[in-house]
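Just so you know, these numbers use all the heavy atoms, side chains as well, and skip hydrogens, waters and symmetry mates. Predicted, not measured: the structure shown is a model, and the values here were computed from it. Residues take their numbers from the sequence shown, with the count starting at 1.
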Amino acid sequence: MVFQLGELFCGPGGLGYAAISSKSNDRKYSIKHKWANDYDPDTCETYRKNICPNSKNSVICADVKLLDLNSLSPINAFAFGFPCNDFSMVGEQKGLNGTYGPLYTYGVKILEKFQPLWFLAENVGGIRTSNEGNAFGEILKALFNTGYDLFPNYYKFEKYGVPQNRHRVIIIGIRKDLNLTFRIPSSKPYIDFDISAGNAILNPPIEAGSYNNELTRQSAIVIERLKHIKPGENAFNAHLPEHLKLNVKGAKISQIYRRLEKDKPSYTITGSGGGGTHVYHWEENRALTNRERARLQTFPDTFIFSGSKESVRKQIGMAVPVLGAKIIFKAILNTFANISYEFEEASFPSIIHKKQDTLIDTSFLKPYLKQDD
């Protein structure tokens, strides 16, 4: 069986590339791209180039609020990494009261219209505590009431072979009438993976002339500052001379001019802009190239990003790690193929229907929503 996948907030294609690269263990179940939507032209072009080069019109580049749902082809699988800006721990965490927080409702509309067999929804770990923990419960309730059993989990992708400390909430929904139970794939098969930043960036070496591998021109003062910052340190905990210290009031973000540690996973790659946020080499006095950042997000070197260097940097930071997503998609396919696989306990209770018209009270989730990062 080939699932026809639709995506909202598709980004450059971390989920999309993982989806079309996944198969069940018996190779009888797979996923095919049907359509996708994002609002950023560079991001859409990246997706077209790598996911659907022969059907470029299947990527609709438009504000989701203006998207005509009636123009979309039927699908039986759906994925959406709804915007995380208002749920991220870096920021005001306005949650459902922010500009971006309510955008998950467009995913709900897709579920109501097409009733796909399954869906995958993704967001940052901070969603657990937004609006005093109420936002996550409201989102789960809305998804459940469209007709799906829910299997949410807080994934720490470094446990799954990703060379990066990247933690995300992913909700798998399976249509209630199918009576299937999704299990969280076990991280045990990946325990011996070398997830160090050094291994990801250096092995194999990035070929000369590779796409998206141009160096950032560092100013003299940045180079001088980096000379005083050791691996794992940042601009605020390193011993910097007075003239190199940052004049920043308020929060001192730990990732500002933070160097990687060669033998450890990278810290979280983000799409944020501004000086000092570009992720810095453990030894050389420079920011990583976008290709090096893409490797930490487990994109293959053949995956080519479109747009300016800054646009590409943002796309990479906003994406879902390909390897982590592929493991989850494979577990979904194995679930539908009725193939058993090794699994582990979920970080949240599953929310499974008792009656078709059940309206759930998600207050029971409160003990599970604490921030443990």
What orientation do Phe119 and Tyr148 show, parallel under 30°, tilted 30 to 60°, or perpendicular over 60°? perpendicular

In terms of the angle between their ring planes, are Phe336 and Phe3 parallel, tilted or perpendicular, with boundaries placed at 30° and 60°? perpendicular

Any chain of hydrophobic side-chain contacts (each under 4.5 Å) joining Phe157 to Ile191? no

Joint hydrophobic cluster, Ile332 plus Ile352, side-chain heavy atoms closer than 4.5 Å: yes

Exercise: do Asp40 and Thr43 side chains pair donor with acceptor under 3.5 Å: yes

Hey, can you tell me if Tyr341 and Phe343 have their rings parallel, tilted or perpendicular (30° and 60° cut-offs)? perpendicular

With hydrophobic residues grouped by side-chain heavy-atom distances under 4.5 Å, do Leu69 and Leu111 end up in a single group? yes

Salt bridge present between Asp63 and Lys65 (N-O < 4.0 angstrom): no

Trace of the side chain to side chain donor-acceptor pair (under 3.5 Å) decision for Glu233 with Tyr257: CA-CA 8 Å; Glu233 292 183 342; Tyr257 291 110; over 6 Å; no

Joint hydrophobic cluster, Leu120 plus Leu180, side-chain heavy atoms closer than 4.5 Å: yes

Using salt bridge (charged side-chain N to carboxylate O under 4.0 Å, His left out), reason through Glu310 and Arg313 one step at a time and then give a plain yes or no. CA-CA 5 Å; Glu310 289 303 302; Arg313 185 174 62 81; 2.7 Å; yes

Does Asn57 CG have over 12 foreign heavy atoms under 6.0 Å away? no

Between Lys109 and Glu112, is the salt bridge (charged side-chain N to carboxylate O under 4.0 Å, His left out) condition met? List the steps. CA-CA 5 Å; Lys109 291 177 181 179; Glu112 290 174 338; over 6 Å; no

Would you call the rings of Tyr154 and His167 parallel, tilted or perpendicular, taking 30° and 60° as the class edges? perpendicular

May I ask you to check whether over 12 heavy atoms, not counting those of Lys113, lie within 6.0 Å of atom NZ? yes

Could you check whether Phe136 and Phe348 have their ring centres less than 6.0 Å apart? yes

Do the ring planes of Phe305 and Phe303 sit parallel (below 30°), tilted (30 to 60°) or perpendicular (above 60°)? tilted

Which residue in the set Gln164, Arg259, Gln255 passes side-chain contact (heavy atoms from CB on, under 4.5 Å) when paired with Tyr267? Gln255

Honestly curious: do Phe299 and Ile304 fall in one hydrophobic cluster under the side-chain, below-4.5 Å linking rule? no

Taking the basic N atoms (NZ, or NE/NH1/NH2) and the acidic carboxylate oxygens, is any pair closer than 4.0 Å for Glu292 and Arg286? yes

Side-chain heavy atoms of Leu67 within contact of Leu8, under 4.5 Å: yes

Would you say the ring centroid of Tyr104 lies under 6.0 angstrom from that of Tyr106? no

Is the shortest side-chain N to carboxylate O distance from Lys159 to Glu344 below 4.0 Å? yes

Determine, for Asp301 against Arg295, whether the closest basic-nitrogen to carboxylate-oxygen distance falls under 4.0 angstrom. yes

